[in-house]
Amino acid sequence: MKRPARFRALFALAVIAASVFIAVTVPVRLGLDLRGGTQIVLETRDSETVKANGEATDRTLEVLRGRVDALGVAEPSIVRSGENRIIVELPGLQDPRQAADVLGRTAQLSVHPVLGAAAEGDKPKEKGEEVLPDESGERLRLGPAALRGQDVEDAEALIDQQTGAGWHVTVDFEDDKGWAKLTGEAACHPAGDPQRRVAIVLDKKIISSPQVDPSVSCGAGITGGSTQITGSFTSDEAKELALLVKGGALPVPVETVEQRTVGPTLGAEAIEASAWAAVVGTALTAIFIIVVYRLMGLLATLALVCYGLISYAGLAALGATLTLPGLAGFVLAIGMAVDANVLVFERAREEYGKRNRPSSRSALTAGFKGAFSAIADSNITTLIAAVLLFLLASGPVKGFGVTLGIGVVASMVSALVITRVLAEFAVSRNWVHRRPKITGLASIGRVRTYLTRRNPQLMRRPRRWLAVSAVVLAVAAAGIVVRGLNYGVEFTGGRLIEYSTSTTVDPDRAREALADAGFPQAVVQSSGDNKLTVRTEELTNAEAVKVADAIAEVGGGAEKVRDELIGPSLGDELRRNALIALGLALGAQLLYLAFRFRWMFGTGAVAALAHDVVILTGIFAWLGKPIDGVFLAALLTVIGYSVNDSVVVFDRIRELWRKDSKEPLAQVTNQAILQTVPRTVNTGIGVIFILAALAVLGGDSLTDFALALLIGMLVGTYSSVLTASPLAIELEAFSHDGKDGKGGKGGKGRGRGRGHGRARGGSGRAAAGAAKETGRAEAVGKVK
């Protein structure tokens, strides 16, 4: 074994061993949509005295951490996101009301001296004073706060079992002298005087205003820094109050901008459905690859298994959270990862047919060498997009960038290292060398045989393909204008709740019930067997209970399986960041492709991407499908698939044009397309198997995802061949027209005389030459 081959083998073993170790020892974090629970996104706001910067958000996070721990939720997660946002994940918590109340309340605790009684309409006289009603409704005038929440050392809910006085909250203050001074001043007033009382205020509300005991002397006060908050507390009220007081005051107010609750049933169903889709889809893809490429296909299947292992280990090592769209994308990537292997095997088949004394080993080496530039360029462009999405986007788009980046790296390692090590070892065996057909590389395949025999001239009239694309584009754009986009709550803000009902409920009947309950604008859709999805404007938790009651009444009972609340500000931010990240990703890909190829190829590829985005979005607009995070993940996958196709074609054009720079671009492009069609067909069939498994077995939650990918794959395959390539031809001809100032001589077939005259002449001559070999010179010779 030569040194490079030995190095590749050792590297492959090291990567696989490390991946196995990580996969066994480090579990991947599942998103709440897969394991059930509640996620709350809080955003800090400026107060009168404190600005909501990163430092204030960090202090707020620590206060919230204590409250989360006190909730008793197993394995909670609380992290800061950006400058002023905190994400709290509470696995297993299905009722978000308690968590939202505890986390969202500012709990601005303060203790005030009472300056006297206040009449109705009285307002504070001095700065720092407040006029608030006490527990019984009597209005009191309070002086500036003497103690605040940060002075609280501990708080505990207790019940006096001896006297049976009920529940109370014991509060211990760190500032012993402050509490003694405050109570000592109050004790200087006679019993029954309001000024002998001390007011404990929580969130601008007097929760207790006890009178200092007559045994306390004036000026001495209560030492020890402890007091009791008494009242008609229930057990839960006392415990919640103790939790809030002990948690301390938040440095700045917080607002709930997003809230998601997913039932564990949905998570379990999603995992099971995706797992079955992975098994069936991968099995079908593996069978197809093995049938087409025989031994090489079997080895590629083993490499795909390694690809899945490396991707999983990458997710675990980075601590990434695997969500439902990410899981579906992970399953799909298994099918798309076969693309690099197909590229190598198809190039090896070409090389095998060109040689006078062919061998599988030399053909395979030439295949890896010839396919390397296409694999590298397509993966680098996708990696550029992944990095920009991770850095600039937020929410599901950011997570998709992580999954996409890991998939790209794992795909290159699988195809260029692991597959090569296995394939080179196999073809070096004598029994394989004596039976070249077993490798699957000794024949060019049925598709390539058919194309070689027919030699269709697809690029004879490139403007016809552009016209077809323009018509389809116009129809899709009309759907966006006429029907509009059905944005999900991720982008509009609002609340989306999915219920599982005991009986099948007609959506119209559910709408009527919600209208009677006070929600006439609610959008109700059937989302599967005995399932209803309700989408409204932003609701409070109390209003959400009314919605649940209305659905339960018409459905004979209802169980909430999903609950998403997103504030309008967060929806605007997600949409804005997604568009910015997408635009910059397209721009970066254009620059890279222009650098690696020529400017007209980069422009053609990016135009094809924009073409795919508009068409897929337009079709979803015509169908009334939601434009949500799942659709966005599918759209980004389609963009990556489309740019891969375009790069493969352009890489072959570059290679052929280097061999004969005088050949007309139209003819070179036609030849490149015909040579890459077998790869496109085989890769597309492999992806369709995965998509079919997702659509049939993936369940309701993955149906729209699979539909978007299926449409996008078909549109992307078409555009990379019949939109990007014709546009590059037209741009190249236009650039020569601009340089010449007129038609030019057309010696290379790249200039233009009247209309298409000279460009067609070049293509026609080349086509006629090719047609003589197939006995069709008469038909092609008519082209002028």
Side-chain angles (χ1 to χ4, degrees), residues 281-294 296-298 300-301 304 332-353 363 367 370-371 374-375 378 411 415 419 439-459 465 468 605 608 612 637-638 640-653 655-656 669-693 706 709-726:
T282 303
L284 292 175
T285 301
I287 292 172
F288 172 74
I289 294 299
I290 293 172
V291 169
V292 175
Y293 297 109
R294 301 178 187 179
M296 294 297 104
L298 176 61
T301 301
L304 287 179
L332 175 70
I334 297 175
M336 295 186 66
V338 80
D339 181 44
N341 292 312
V342 171
L343 272 171
V344 171
F345 296 156
E346 287 298 327
R347 290 302 298 258
R349 282 179 165 185
E350 290 182 47
E351 296 297 330
Y352 193 95
I375 295 173
S378 61
S411 174
T419 299
T439 63
L441 306 179
S443 64
I444 63 176
R446 295 182 180 181
V447 176
R448 193 181 301 277
T449 301
Y450 172 82
L451 293 174
T452 302
R453 184 176 68 252
R454 300 287 298 177
N455 192 29
Q457 298 300 308
L458 300 175
M459 293 297 108
W465 296 115
V468 172
D612 299 343
T637 305
V638 168
Y641 183 86
S642 179
V643 76
N644 282 357
D645 265 6
S646 298
V647 166
V648 168
V649 175
F650 291 158
D651 179 78
R652 188 59 65 93
I653 293 174
E655 179 183 339
L656 295 175
T669 302
N670 192 81
Q671 187 178 356
I673 290 174
L674 297 184
Q675 291 180 359
T676 55
V677 162
R679 165 262 166 196
T680 303
V681 170
N682 291 338
T683 299
I685 293 176
V687 174
I688 286 176
F689 283 135
I690 296 290
L691 293 180
L709 288 171
L710 184 59
I711 296 172
M713 189 203 70
L714 297 176
V715 174
T717 301
Y718 169 87
S719 67
S720 61
V721 175
L722 300 176
T723 300
S725 298

Reported [atom1]-to-[atom2] distance for the pair [X] and [Y], which is rounded to 0.5 angstrom:
X	Y	atom1	atom2	value
M713	L691	CE	CG	6.5 Å
T301	M296	OG1	CE	11.5 Å
L298	I290	CG	CD1	5.0 Å

Does [X] have any side chain to side chain contact (heavy atoms under 4.5 Å, CB included) partners at least two apart in sequence or in another chain, and if so, which?
X	value
L722	M459, W465, Y718
L451	V447, P456, L674, V677, P678
A672	R652, I653, L656
A442	Y352, P436, K437

Taking C-beta and beyond as the side chain, do [X] and [Y] meet within less than 4.5 Å on heavy atoms?
X	Y	answer
T680	V649	no
I289	V342	yes
F288	V292	yes
F345	T419	yes
V344	I375	yes
R453	T449	yes

Partners passing side chain to side chain donor-acceptor pair (under 3.5 Å) against [X] (at least two apart in sequence or in another chain):
X	value
T676	none
T723	S469
Q671	none
T669	none

Please name the pair of heavy atoms, one in [X] and one in [Y], separated by the smallest distance, quoted to 0.1 Å.
X	Y	result
A340	A415	CB-CB, 3.3 Å
S720	S646	CB-OG, 3.3 Å
A374	L343	CB-CD1, 4.5 Å

Restricting to salt bridge (charged side-chain N to carboxylate O under 4.0 Å, His left out), what partner residues turn up for [X], sequence neighbours left out?
X	answer
R448	E346, E350
D612	none
R679	D339, D645

When you measure from the side chain of R347 to the backbone N and O of A363, does any donor-acceptor pair fall under 3.5 Å? no
Tell me if a side-chain donor or acceptor on T285 pairs with a main-chain N or O of G686 at a distance below 3.5 Å. yes
Short side-chain donor-acceptor distance under 3.5 Å, N682 and Y293: yes
